[in-house]
Novice: 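Here it is, the structure in full.
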Amino acid sequence: MPYTRVDMEKVEKKYAELTERLKAAKSADEQFEIHKDYYKFSDDVFTNIELAEVRNSIDTTDEFYEKEKEFYDENAPLIESLDIKYKKTLFESPFREGMEKHIGKVAFKNIEIAMKAFDDSIIDLMQEENALVTRYDKLLATAEIHFRGEVYNLSMMRPFMVNSDRATRKEACEAVEAYFSSVTSEIDEIYDKLVKNRTEQAKRLGYDTFTELGYYRMGRNCYSKDDVENFRRQVKESFMPLVNRIHEKRAARIGVTDGLKAYDNGVWFKEGNPNPTGTPQEILEMGQKMYHELSPETKEFFDFMMDNELFDVLSRKTKRQGGYMTYFPKYKSPFIFANFNGTEGDVDVITHECGHAFQGYLVGNNEIVKEYRDIGMETAEIHSMSMEYFTNPWMKYFFGDRADDFLTLQISDAIAFVPYGCMVDEFQHIVYANPEMTPAQRKEEWKKLEEIYRPHIDWGDSIMKSAYWQRQGHIFQVPFYYIDYVLASVCAMQYKVRMEKDYKATWQDYLKLCGMSAKDFYVNMLPQCGLEVPFRDGTVEHLVKALDKMV
Ligand SMILES: [Zn+2]
């Protein structure tokens, strides 16, 4: 896939031309033809931006793509500005009704929200914000953890931190803590600047705090912070007892009698968590066999990924942390990035990230490409998290005779994640409602939330009790994103409960949801696809009742 830097002069000209043609058009059909030109043009631009982003993430020390990334940190807000002006013309079109028939009513709601979230007056702040996030990413990507005479990056430390030998994982967690102690004030400084920057953006756009703007930036077009708050309340009331039971069982299973410590977190079995048995290459091959057997649609998808070498999954020292799936619109092609480290997380890449990629691939030929691809993350994460469960019957390919242990771990871990996700979300609501808080006060708030949401952890005198959030990239990169994982998980678990009774019918509902993309509003789509909306009263309670019998 050849890369060329986006030529800003040409981009400006093209947007001006498209906007003029749109204004001169005599009918909705004519406008839609112009809009198809826009698809082609913007697919090209966004593919180049995405290629630079991907190539920077696979080697954060590559100077060429570091420069390109800097270029887009600066210029992406300018492109966004042009894009919004184009869409504004569409929004104010006299043929709006006709255009709604072509691209859907959700598209227009999303344009309205995009306009609320952006104005040229905040471009300088957005540029500064991008640079701060890049600084945070780079700091963590180049972290050097000294452990037993070797130097590791953060993701390479994970196997030691969940080691079956308690002394090893204690020592590993201490090594990671030592690293965070050395950078905690720098991260505090970056975050303080981010909070103040985002608050200033909100002020310039006429909002009291960043929260409302943050919701618009997440493209939330059918629910508010009150809905999310109601969801967290349900979790505190109905879900926490189940979580606490899961941790009691876990303590008994791993033989901890003196209370679960921070370094016991993520350990589910006395003999250690089940690890995949194969090499990275074998994991990919097993993935291919699995998707061949699962359905004709998944077979076609996975062959496409393998034939076109669309995985970069091996861990290297200078790669960015974490994993993601992205999409190159010009090539209708998903791409998967990960850092394999020999733990069960590697299989998540084949199930979770492939769930995202599968959905992208499935709707790649849809004519209304751009609007339908504008999927909220609370929806997109259902595609991925449900795939983690739909692939359950094949886990013996990856874990051999420990497949059952993996399934126990998977659902237990998903349940334990719910309060953590809520905590990350509540923290950000507190932070942005009180932007004048000092870094020390923010850490105090996190500590309080630990006691509400993770009371099972005995932190000792670890600084991580107040600083754990500094490892959670989403808090820095995309504010208010994190709760989407929890909302989605609650939906994926509903599918999990149902597929035990009727796998085929549940799979059909899932395919329907994937196919709908962003065609309808989230709260409308879920009931059509056999799901209860997470923040509606009773959803969490119903789920707890069903899960109680399973774990
Ligand atoms: Zn995901």
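Only a predicted model underlies this, so the values are computations on that prediction, with no experimental measurement involved.
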Novice: So Phe304 and Tyr361, would you call those rings parallel, tilted or perpendicular, with 30° and 60° as cut-offs?
Specialist: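 The rings of Phe304 and Tyr361 sit tilted, inter-plane angle from 30° to 60°.
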
Novice: Taking all non-hydrogen atoms of both residues, which atom of Leu90 and which atom of Phe108 are closest, and how far apart?
Specialist: O-CE2, 3.7 Å

Novice: For the pair Phe476 and Leu132, evaluate side-chain contact (heavy atoms from CB on, under 4.5 Å) and give the outcome as yes or no after the intermediate values.
Specialist: CA-CA 9 Å; Phe476 300 80; Leu132 285 164; over 6 Å; no

Novice: Just jot down the ring pair (Phe, Tyr, Trp, His ring centres under 6.0 Å) partners of Phe340, sequence neighbours excluded, or say none.
Specialist: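 Phe340: no ring pair (Phe, Tyr, Trp, His ring centres under 6.0 Å) contacts found.
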
Novice: Given 3.5 Å as the limit, does a donor-acceptor pair link the side chain of Tyr136 with the main chain of Gln470, or not?
Specialist: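 Yes.
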
Novice: Establish, yes or no, whether the cationic atom of Lys319 lies under 6.0 Å from the six-membered ring centre of Phe337 and within 45° of the ring axis.
Specialist: yes

Novice: Between Arg498 and Asp502, does any side-chain N to carboxylate O distance fall below 4.0 Å?
Specialist: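 Salt bridge: no.
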
Novice: With distance as the sole test, does Thr47 use its side chain to make a donor-acceptor pair with the main-chain N or O of Lys330 at under 3.5 Å?
Specialist: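 Yes.
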
Novice: Tell me whether Asp346 contacts the main-chain N or O of Gly342 through its side chain, where contact means a donor paired with an acceptor under 3.5 Å.
Specialist: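 Yes; judged by distance alone, with no hydrogens or angles, the pair exists.
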
Novice: Main chain of Leu78, side chain of Asn75: is a donor-acceptor contact present, judged purely on distance under 3.5 Å?
Specialist: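 Absent.
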
Novice: Within a reach of under 6.0 Å around CD of Glu271, are more than 12 heavy atoms found that belong to other residues, nucleotides or ligands?
Specialist: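 Counting other residues, nucleotides and ligands, CD of Glu271 exceeds 12 neighbours.
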
Novice: May I ask you to check whether Ser517 and Gln359 show a side-chain donor-acceptor distance below 3.5 Å?
Specialist: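 Short answer, yes.
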
Novice: Does the ring center of Tyr510 lie less than 6.0 Å from the ring center of Tyr503?
Specialist: no

Novice: Crowded around Lys138 NZ? As in, over 12 foreign heavy atoms under 6.0 Å?
Specialist: no

Novice: Against Cys354, only a single residue in Thr391, Asp348, Ile336 fulfils side chain to side chain contact (heavy atoms under 4.5 Å, CB included); can you say which?
Specialist: Ile336

Novice: Looking only at the aromatic ring of each residue, does the gap between the centers of Tyr389 and Tyr495 stay below 6.0 angstrom?
Specialist: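 Here the rings of Tyr389 and Tyr495 have centres that are no less than 6.0 Å from each other.
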
Novice: Does one side chain, of Glu53 or Tyr324, offer a donor that lies under 3.5 Å from an acceptor on the other?
Specialist: no

Novice: I need the full list of ring pair (Phe, Tyr, Trp, His ring centres under 6.0 Å) pairs touching residues 47-83, with sequence neighbours left out, sorted by first then second residue.
Specialist: Tyr3-Tyr65

Novice: Please check: side-chain N/O of Gln201 versus main-chain N/O of Arg198, any donor-acceptor pairing under 3.5 Å?
Specialist: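 Looks like no, no N/O pair under 3.5 Å.
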
Novice: Please say whether the positively charged group of Arg402, taken as NZ for Lys or CZ for Arg, lies over the ring of Phe269, i.e. under 6.0 angstrom from the six-membered ring centre and within 45 degrees of the axis.
Specialist: yes

Novice: I'd like to know whether NZ of Lys13 has more than 12 heavy-atom contacts from other residues, nucleotides or ligands below 6.0 angstrom.
Specialist: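 Not more than 12 within 6.0 Å, no.
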
Novice: Does the separation of the ring centres of Tyr291 and Phe358 fall below 6.0 angstrom?
Specialist: no

Novice: What are the two closest non-hydrogen atoms of Met305 and Ala357, and how far apart are they?
Specialist: CE-CB, 4.4 Å

Novice: Between Phe118 and Tyr216, does the ring centre distance come in under 6.0 Å?
Specialist: no

Novice: Is the His352 ring parallel, tilted or perpendicular to the Tyr485 ring (thresholds 30°, 60°)?
Specialist: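 Taking Tyr485 first and then His352, their aromatic rings sit tilted (interplane angle of 30° to 60°).
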
